[in-house]
2 protein chains.
Amino acid sequence: MKISTKGRYALRMLVDLAEHRSEGYTALKTIAERQGISKKYLEQIVPILNRTDILLTNRGFQGGYQLGREPSEITVGEVLRLTEGSLSPVACIGPNEIVNCDRSVDCPTLPIWKGLDKVIHDYLYSVTLQDIIDQSNEHFADDYMI
Amino acid sequence: MKISTKGRYALRMLVDLAEHRSEGYTALKTIAERQGISKKYLEQIVPILNRTDILLTNRGFQGGYQLGREPSEITVGEVLRLTEGSLSPVACIGPNEIVNCDRSVDCPTLPIWKGLDKVIHDYLYSVTLQDIIDQSNEHFADDYMI
DNA sequence: TTGAAAACCTACTAAACCAGTAGTATTATA
DNA sequence: TATAATACTACTGGTTTAGTAGGTTTTCAA
C-alpha cells in the first residue's frame, strides 16, 4: 500500500516548478539537481504528465517545462492518478464500475474498499499544489502521529 | 497503492469466522473452500494473525480456528496493519517517527503524506468486523463512484 | 495404539513490478 | 552548425507477490 517513486517524483517536480514559476521554463536537469532525482528517470515520468495540460514544454536550446495551470488548479489526486495509474486500494474497484471478480455481487468486504477508496480520493483531490507551497491544507495542521 | 492478497484474504477469513462463530472451531480447509482461496496460501497468512489474540487455535483432529475477540473488537486497521506490515503510503512515515530520508526536515510534500496517512488510518481503525457483517459503518452508505 | 485429520514449518518458484540506466533521435536557438 | 535541450525505446538487476510443495507435529476417536 505504497505510493511509488513515479508519483512522488512527479509531485516533487511539480511542486518545484510551482515554487519557481516566475522563472519561466526550467530544464529537467535543473529540477533533477534541485530535487536530487535521476534526470533520466524523470524523463520517463514527464511524458505521463505531458499528455495533459498540466505541463507546458519547450524543446531545444534553453527549453524546459513550466506549469500549464495555476498551482491552485492542480490537485495531488490528479497527479497521482496519472502517474500511479489508479488510486483505488483494490483491483476490483475501477473507474466507473466493478471489475475482475465474480464474487463482487455478494462480497461482504467490498464496502470496506469502497469506503477506503472514497476517503483517499476525497483527501487527495482536496489538496492542491498551492496548498503544498503554503502548507495550508486543513488536514496538514494536526499533530497526528502513528 | 494496492492492498495485497495477504491483507484481503486475512480479512475475508476473519469475516468468514465472524459469520460462523456460533459453530466453534472451523478448519482452514472449510474456510478456504467457502472463500475460494488456496488453503496452502492461507496457512501462511494465519500465523501472522495467530501471534496476536485475534485467533484461537485447536490443533489435531477436529481442530481449527475461531475468533479470540468479539467481531466488534477487531478493526480492519488492526488486521491490515498486521498482514501488510505498514499502512503508511510512503516509506518515510513509520511508526512513531520519520525515517529513511535526509530531506524530510524540509520536504514540502511530507505534510501530504502525513495527511493521507491520517485519513487512511482513521478510516480503517473505525471499521470493525461487526460493521462488515452488519454492513453498517457510516462510510458504507454512500453511493460514491469514482 | 494407531490412523486420520488437523495445524505448523520451511523451502522453493514463476511472474510481475520497481527503479532505474543506456543509447539514440529529434528539435530549437544562438 | 554546434550545442543544449526534450523525446523515444530498449534493457536490466533487484524485490515483491502469490502462490506450490513437502514434510513434521499434535490431537482425537475408534
Side-chain angles (χ1 to χ4, degrees), chain A residues 1-13 17 23-52 54-68 80 83-86 89-92 100-101, chain B residues 1-13 17 23-52 54-68 80 83-86 89-92 100-101:
Chain A
M1 188 66 175
K2 291 275 184 286
I3 302 285
S4 73
T5 51
K6 248 183 191 168
R8 289 186 285 114
Y9 289 177
L11 207 51
R12 281 169 61 187
M13 173 182 174
L17 283 176
E23 301 165 21
Y25 287 92
T26 305
L28 210 52
K29 189 189 174 195
T30 308
I31 300 168
E33 280 168 2
R34 278 201 293 243
Q35 294 295 322
I37 297 172
S38 153
K39 182 203 153 204
K40 273 296 194 183
Y41 190 35
L42 261 190
E43 267 182 10
Q44 276 176 66
I45 297 171
V46 165
I48 303 170
L49 304 172
N50 221 0
R51 290 197 295 266
T52 71
I54 290 178
L55 282 181
L56 295 176
T57 303
N58 254 351
R59 298 184 64 168
F61 187 79
Q62 286 189 331
Y65 303 94
Q66 73 179 79
L67 293 184
L80 294 183
T83 49
E84 297 288 303
S86 161
V90 289
C92 55
N100 281 344
C101 182
Chain B
M1 190 66 178
K2 290 277 186 283
I3 302 284
S4 73
T5 51
K6 248 184 190 166
R8 289 187 284 116
Y9 289 178
L11 208 50
R12 281 169 61 186
M13 173 183 173
L17 282 176
E23 300 165 22
Y25 287 92
T26 305
L28 209 52
K29 188 187 175 197
T30 308
I31 300 169
E33 281 169 1
R34 278 200 292 242
Q35 294 296 323
I37 297 172
S38 153
K39 182 203 157 205
K40 274 295 194 182
Y41 190 34
L42 261 189
E43 268 184 6
Q44 277 175 65
I45 297 171
V46 165
I48 303 170
L49 305 172
N50 221 3
R51 289 197 296 266
T52 71
I54 290 178
L55 282 180
L56 295 177
T57 303
N58 254 351
R59 296 184 65 170
F61 188 79
Q62 287 188 332
Y65 302 95
Q66 73 180 80
L67 293 184
L80 294 182
T83 49
E84 298 287 303
S86 160
V90 289
C92 55
N100 282 344
C101 182

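On a predicted model such as this, the values are computed, not experimentally measured, just so you know. By convention in this document, chain letters (A, B, ...) are assigned in the order of the sequence lines, proteins followed by strands, and residues within each chain are numbered from 1.
Between A:Ser38 and C:dA19, a side-chain N or O to OP1/OP2 separation shorter than 4.0 Å is absent. Residue A:Asn50 has a polar side-chain atom (N or O) positioned under 4.0 Å from OP1 or OP2 of D:dA7. Between A:Tyr41 and the phosphate of C:dA22, there is no side-chain N or O to OP1/OP2 separation shorter than 4.0 Å.
Rounded to whole Å, atom P of D:dT16 lies 18 Å from atom CE of B:Met1. A:Ile48 has its CD1 atom 12 Å from the P atom of D:dC8, to the nearest Å. Regarding A:Ile45, its CD1 atom lies at a distance of 10 Å from the C1' atom of C:dG20, rounded to whole Å. One atom, CE of B:Met13, and another, P of C:dA7, lie 8 Å apart when rounded to the nearest Å. Here D:dC8 presents its P atom at 14 Å from CG of A:Leu28, a figure rounded to the nearest Å. Counting to the nearest Å, the P atom of D:dA18 and the CZ atom of B:Arg12 are 13 Å from each other. In this entry the distance linking CZ of A:Arg51 with P of D:dC8 reads 10 Å, nearest Å. The separation between B:Tyr25 atom OH and D:dT27 atom P is 12 Å, rounded to whole Å.
Map A:Thr26 and B:Asn58 each onto its nearest nucleotide of DNA chain D; the residue landing nearer the 5' end is A:Thr26. Both A:Glu84 and B:Tyr65 lie close to DNA chain C; mapped to their nearest nucleotides by heavy-atom distance, the more 5′-ward contact belongs to B:Tyr65. The nearest heavy atom of DNA chain D to A:Pro47 and to A:Gln62 marks one nucleotide each, and the one closer to the 5' end goes with A:Gln62.
Between A:Met1 and A:Pro89, some side-chain heavy-atom pair lies under the 4.5 Å cut-off.
Between the side chain of A:Gln44 and the base of D:dC8, no donor-acceptor pair under 3.5 Å is found. Between the base of C:dG23 and the side chain of A:Lys40 there is a donor-acceptor pair shorter than 3.5 Å. Between the base of D:dT26 and the side chain of B:Arg59 there is no donor-acceptor pair shorter than 3.5 Å.
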Applying side chain to side chain donor-acceptor pair (under 3.5 Å) to B:Glu84 and B:Ser4, what does each step give before you reach the verdict?
CA-CA 7 Å; B:Glu84 298 287 303; B:Ser4 73; 2.7 Å; yes

Worked verdict on A:Tyr25 versus A:Thr57 for side chain to side chain donor-acceptor pair (under 3.5 Å)
CA-CA 8 Å; A:Tyr25 287 92; A:Thr57 303; over 6 Å; no

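Interface residues of residues 3-11 of chain A facing DNA chain C, ordered by number: A:Ser4, A:Thr5, A:Tyr9; criterion, heavy-atom separation under 4.0 Å.
A:Ser38 and A:Tyr9 share no donor-acceptor pair across their side chains, judged by distance under 3.5 Å alone.
The listed nucleotides are C:dC9, D:dT6, D:dA29; the one nearest the side chain of B:Glu43 is C:dC9.
A:Ile3 and A:Arg8 make their closest contact through O-NE, 3.4 Å (heavy atoms, listed as atom of the first residue, atom of the second, distance). B:Gln66 and B:Gly24 make their closest contact through OE1-C, 3.6 Å (heavy atoms, listed as atom of the first residue, atom of the second, distance).
In this structure, A:Met13 CE and A:Arg34 CZ are separated by 10.5 Å, a value rounded to the nearest 0.5 Å.
When heavy atoms are screened at a 4.0 angstrom cut-off, B:Lys2 is found touching no nucleic acid atom at all.
The only member of A:Leu17, A:Leu49, A:Thr26 that meets side-chain contact (heavy atoms from CB on, under 4.5 Å) when paired with A:Tyr65 is A:Leu17.
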